[in-house]
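In this text the structure is predicted, and so the values were computed from the model without any measurement.
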Amino acid sequence: TFHFLFTSFRKIFGDVTIISLKKTFRLNSSISEISRKFVIKNPKQFNKKIISNKIVRSPKVFLNWIRKDSLEAIIDWMKRNKENEFFHGKTLLILARYNYNLPDVGKYKVLNDTWIGKEVLEPKTIHRAKGLEADIVLVLDLNSNRNGFPSYKSDDPILSLLIPNTDNYFLSEERRLFYVALTRAKCEVHYICNSNSPSLFSDELANGKY
């Protein structure tokens, strides 16, 4: 993986100088600090302090416990927040661990009609969302089911032959994906969590470890 190339760059290419980019102009201080603490639980990750130019005093990462699936859960969440003036004029990006958990294109109109903000961007998997951003990010699949997040599915064995895996930390790739989802948001992150089968990651956040 690219992560292996980054963390092993010095071993592969020899002596290098590492310059850390320590300031973020997109993330507020709440999202920045939670995402940092979450990803560095893996000791293989580079540990650095990120300074945000947007200091906030209240939490900006939220768990929403909803006993519904995909589209129903999204609409339920939107209706719960229909009086939230903070969402007015803001974009929404919906992310899922797997493509088949995303609402299909035909549901865009329903989502945009229900959303009180500016617009609903095209829903994407977390892998495809790298490099994107939105005001509000809504992440699906935080459950412990077979297709939940984190995923416990094994990687393709052929891929493991091509790219050595030196990171044996439990669910390391899933933790990096969770970090990617967190850091797509400029204002708030909302996770849809299933209270009947909570995921490992939703438990970590709910227990106040960050």
Side-chain angles (χ1 to χ4, degrees), residues 3 20-43 45-66 73-74 76-97 115-121 123-127 129-143 148-150 169 171-195 198-210:
H3 178 259
S20 298
L21 302 178
K22 297 182 178 180
K23 190 158 189 176
T24 176
F25 294 91
R26 179 176 71 213
L27 310 178
N28 58 50
S29 56
S30 173
I31 297 173
S32 174
E33 186 62 9
I34 289 176
S35 61
R36 184 189 72 85
K37 288 180 178 179
F38 186 87
V39 78
I40 65 169
K41 282 196 71 175
N42 180 353
Q45 291 290 149
F46 293 125
N47 186 1
K48 63 179 180 180
K49 180 73 173 179
I50 302 297
I51 301 171
S52 173
N53 72 326
K54 301 174 185 176
I55 306 300
V56 294
R57 303 301 177 189
S58 58
K60 298 300 177 184
V61 179
F62 302 93
L63 300 180
N64 300 268
W65 301 95
I66 299 175
I74 297 170
D76 190 11
W77 174 80
M78 287 181 173
K79 289 180 177 179
R80 287 187 186 191
N81 289 279
K82 64 181 180 180
E83 305 298 329
N84 190 341
E85 294 185 0
F86 181 78
F87 287 166
H88 289 179
K90 291 183 171 60
T91 55
L92 172 68
L93 175 61
I94 299 169
L95 301 177
R97 177 63 180 84
W115 175 238
I116 63 171
K118 183 178 181 182
E119 66 172 318
V120 179
L121 305 179
K124 295 183 181 294
T125 63
I126 300 171
H127 276 108
K130 294 177 180 178
L132 300 180
E133 64 178 40
D135 297 316
I136 312 296
V137 169
L138 180 67
V139 187
L140 309 177
D141 303 339
L142 257 73
N143 61 66
F149 188 24
Y169 188 79
L171 296 173
S172 59
E173 179 61 21
E174 296 301 298
R175 191 167 291 275
R176 285 191 289 273
L177 280 177
F178 198 86
Y179 173 84
V180 170
L182 266 171
T183 55
R184 297 310 92 204
K186 294 189 287 185
C187 300
E188 287 186 358
V189 183
H190 288 259
Y191 286 99
I192 297 294
C193 309
N194 191 321
S195 56
S199 86
L200 174 68
F201 291 165
S202 63
D203 278 347
E204 281 191 28
L205 292 173
N207 290 332
K209 296 182 179 181
Y210 310 114

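- Residues Phe178 and Leu205 are in side-chain contact: their nearest non-hydrogen atoms beyond the backbone lie under 4.5 Å apart.
- Judged by a 6.0 Å distance limit and a 45° cone about the ring axis, Lys60 is positioned over the six-membered ring of Phe86.
- In this structure, Arg175 contributes its side chain and Phe201 its backbone to no donor-acceptor pair below 3.5 Å.
- Across all non-hydrogen atoms, the minimal contact from Lys130 to Leu177 is CE-CD2, 4.5 Å.
- The shortest non-hydrogen separation linking Val61 to Ile31 is CG2-CG1, 4.1 Å.
- Side-chain contact check for Tyr191 versus Leu182: some heavy-atom pair is nearer than 4.5 Å.
- Within a 6.0 Å radius of NZ in Lys118, no more than 12 heavy atoms belonging to other residues, nucleotides or ligands are found.
- Here the CD1-CG distance, from Ile126 to Leu140, works out to 9.0 Å after rounding to the nearest 0.5 Å.
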For His190 and Val139, run side chain to side chain contact (heavy atoms under 4.5 Å, CB included): C-alpha distance rounded to whole Å, both residues' side-chain angles, the deciding distance at 0.1 Å, then the answer.
CA-CA 6 Å; His190 288 259; Val139 187; over 6 Å; no
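- Shortest non-hydrogen contact noted between Arg184 and Val180 is NE-O, 2.8 Å.
- Atoms CG and CG, on Leu138 and Leu92 in that order, are 6.0 Å from each other to the nearest 0.5 Å.
- In this structure, CD1 on Ile34 lies 11.5 Å from CG on Leu27, to the nearest 0.5 angstrom.
- By the 4.5 Å heavy-atom criterion applied to side chains, Glu174 and Arg97 are counted as neighbours.
- Remark: the backbone N or O of Asp135 is paired with a side-chain donor or acceptor of Thr91 at under 3.5 angstrom.
- Aromatic ring pairs are classed by plane angle as parallel below 30°, tilted from 30° to 60° and perpendicular above 60°; the pair Trp77 and Trp115 is parallel.
- Distance check: His88 NE2 to Ile116 CD1 gives 4.0 Å after rounding to the nearest 0.5 Å.
- Contact between Ala134 and Leu93 at its shortest, heavy atoms only, is CB-CB, 3.6 Å.
- Within the model, atoms CG of Asn194 and OG of Ser199 stand 10.0 Å from one another, a figure rounded to the nearest 0.5 Å.
- Note that CD1 of Ile192 and CG of Asp76 are 8.0 Å apart. Values are rounded to the nearest 0.5 Å.
- A pairwise comparison of heavy atoms in Ser29 and Val56 identifies OG-N, 2.9 Å as the closest pair.
- Distance alone, capped at 3.5 Å, is enough to place a donor-acceptor pair between the Asn28 side chain and the Cys187 backbone.
- When all heavy atoms are compared, the tightest approach of Ser35 to Tyr179 is O-CD1, 3.4 Å.
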Let's go through Lys90 and Glu188 carefully: what are the C-alpha distance in whole Å and the side-chain angles of both, what is the deciding distance for side chain to side chain contact (heavy atoms under 4.5 Å, CB included) to 0.1 Å, and is it a yes or a no?
CA-CA 10 Å; Lys90 291 183 171 60; Glu188 287 186 358; over 6 Å; no
